2 protein chains.
Amino acid sequence: MKGYLWTGGHGSPGSPDAPVIEGRLAPWEAIAVDAVGNVIEFWGFKRNQGRVWALLYLRGEPLTAGEIERELDLSKGGVSMLLRDLERWGVIQRVRLPQDTVWRYGAETDLVRMVRHVIEEREAGFVARIRADLSEARRLAEMAGEVPSERLERLEKMATLAEHVERALRLFIKTSRLDVSGVLAVFRDGASRRNER
Amino acid sequence: MKGYLWTGGHGSPGSPDAPVIEGRLAPWEAIAVDAVGNVIEFWGFKRNQGRVWALLYLRGEPLTAGEIERELDLSKGGVSMLLRDLERWGVIQRVRLPQDTVWRYGAETDLVRMVRHVIEEREAGFVARIRADLSEARRLAEMAGEVPSERLERLEKMATLAEHVERALRLFIKTSRLDVSGVLAVFRDGASRRNER
DNA sequence: GGTGCAGTTCAAGCGGTCTTGAACTATATG
DNA sequence: CATATAGTTCAAGACCGCTTGAACTGCACC
């Protein structure tokens, strides 16, 4: 039940308690950033991956690792790893401004890619494995003989169900992609100027 | 990244190592039960909730808490809590056979209900909260004034995206229900005889 | 009442993941 | 080359949820 009832950040959004001093994040930014963090955690990612992406997206312009570190009150090493993950998944982009010497990171506006990543990536390795296990179980059960046929049937049905759920999942990916692609157009506002890599 | 690469149970299904002595579960049962456990964990439930359901479903007839405890090698207290959760969600049923004095637990064959539960339940409390947070952030940002309008726009877009994802999710629920309802007919085999509660 | 067994509750411990912080590498600059 | 700053790696530890096991309740039977 991970991320089911999360406690992080601030109590209710409007509550006056602000015990943590988060860099120089504006309150509204903190809330938005944490909201995204919660969603992302819910989807099986790390909370801070979502927070980093949200910060970069809200700011619109690329930030350095140091800035992220300060704004979100994370450790140097942590930021490094988070950024690497996000970059690997293609949800942020590492850019170097012409005059500047340090790397900066800008949000890829395509959040869908992230969601797609979860589902596809996990599904790939995961569902495959489940199916393998189930059919292996079936094989063993048949080999063992003397297994009541009704139980075998139930095993079959379980495998069938797994396949149907899998199909439903695929459908979800497809529809969600379609659904959100409309929004994507809105997102492409060219706010981030990136050049090389 | 919970449940991303899980290690539990047996290595590859066919591997000859069987270090744990799981009650008197047949090997094929162990594999199937664990497979379901993994799926269920993946979906944000407890692994053992899935294992218990799978065992009950495979056996077809109601088992006592003690039997479950032995078969799955769980603790008394754990079984009690797991059964309570599963019963609350309606995925198992507590029955008392006429002659018998102890409670027995039978699998509700409607797995879909479980899936639906995840999505609906979590979505309810969760997505609502996210939206609340985002609109709260918007309110604060507007109140604060002097927030660059482009940033406000990005915040808006984030909320929009959230709503679209939410819609996609709803769609998923609906379609998956439709998709699996066909299978459901197959599942209703009346294998479990239950009477009162 | 007393005994025994089924079932519940919950503090304490365990196990696994995430974060930290220090050591390390890489790169720019004088 | 020396120095400084940016970025990476990873062992140690913080953290958090799950499971355990013992104490407790409830119930049946003698």
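Values in this document were obtained by computation on a predicted structure and should not be read as measured data. Note that these values count all heavy atoms, side chains included, but never hydrogens, waters or copies made by symmetry. By convention in this document, chain letters (A, B, ...) are assigned in the order of the sequence lines, proteins followed by strands, and residues within each chain are numbered from 1.
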Heavy-atom side-chain contact between B:Leu72 and B:Val52 under 4.5 Å = yes
query = Expressed in angstrom and rounded to an integer, what is the separation of B:Lys46 atom NZ from D:dG17 atom C1'?
reply = 9 Å
Polar pairs (N or O, both sides) under 3.5 Å between protein and nucleotides 1-8 of chain D?
{"residue": "D:dG7", "atom": "OP1", "partner": "A:Trp103", "partner atom": "N", "Å": "3.2"}
{"residue": "D:dG7", "atom": "N7", "partner": "A:Lys76", "partner atom": "NZ", "Å": "2.3"}
{"residue": "D:dG7", "atom": "O6", "partner": "A:Lys76", "partner atom": "NZ", "Å": "3.3"}
{"residue": "D:dT8", "atom": "OP1", "partner": "A:Arg94", "partner atom": "NH2", "Å": "3.4"}
{"residue": "D:dT8", "atom": "OP2", "partner": "A:Ser80", "partner atom": "OG", "Å": "2.8"}

Salt-bridge criterion met for A:Glu136 and A:Arg139 (N-O under 4.0 Å) = yes
query = To the nearest angstrom, how far is B:Leu63 atom CG from C:dG7 atom P?
reply = 12 Å
task = Check whether any side-chain heavy atom of A:Leu86 sits under 4.5 Å from a side-chain heavy atom of A:Leu56, and report yes or no.
result = no
note = Atom CD of B:Glu41 and atom C1' of D:dG17 are separated, to the nearest Å, by 11 Å
remark   = On a heavy-atom basis, the closest approach of B:Val79 and B:Glu69 is CG2-CA, 3.8 Å
Spacing between B:Glu67 atom CD and C:dC5 atom C1', to the nearest angstrom = 15 Å
Any A:Asn48 side-chain N or O less than 4.0 Å from OP1/OP2 of C:dC18 = no
query = In whole Å, what is the span from the CZ atom of B:Arg70 to the P atom of D:dT20?
reply = 16 Å
key: Nearest heavy-atom neighbours spanning B:Arg59 and A:Arg154   = O-NH2, 3.6 Å
query = Taking atom P of D:dC27 as reference, at what distance in whole Å does atom CG of B:Asp100 sit?
reply = 17 Å
ask   = Heavy atoms, side chains only, cut-off 4.5 Å: are B:Lys46 and B:Ile40 in contact?
value = no
note = Whole-Å distance, B:Ile40 CD1 to D:dC18 P, equals 15 Å
ask   = Could you give the CG-to-P distance, from B:Leu72 to D:dT20, as a whole number of Å?
value = 11 Å
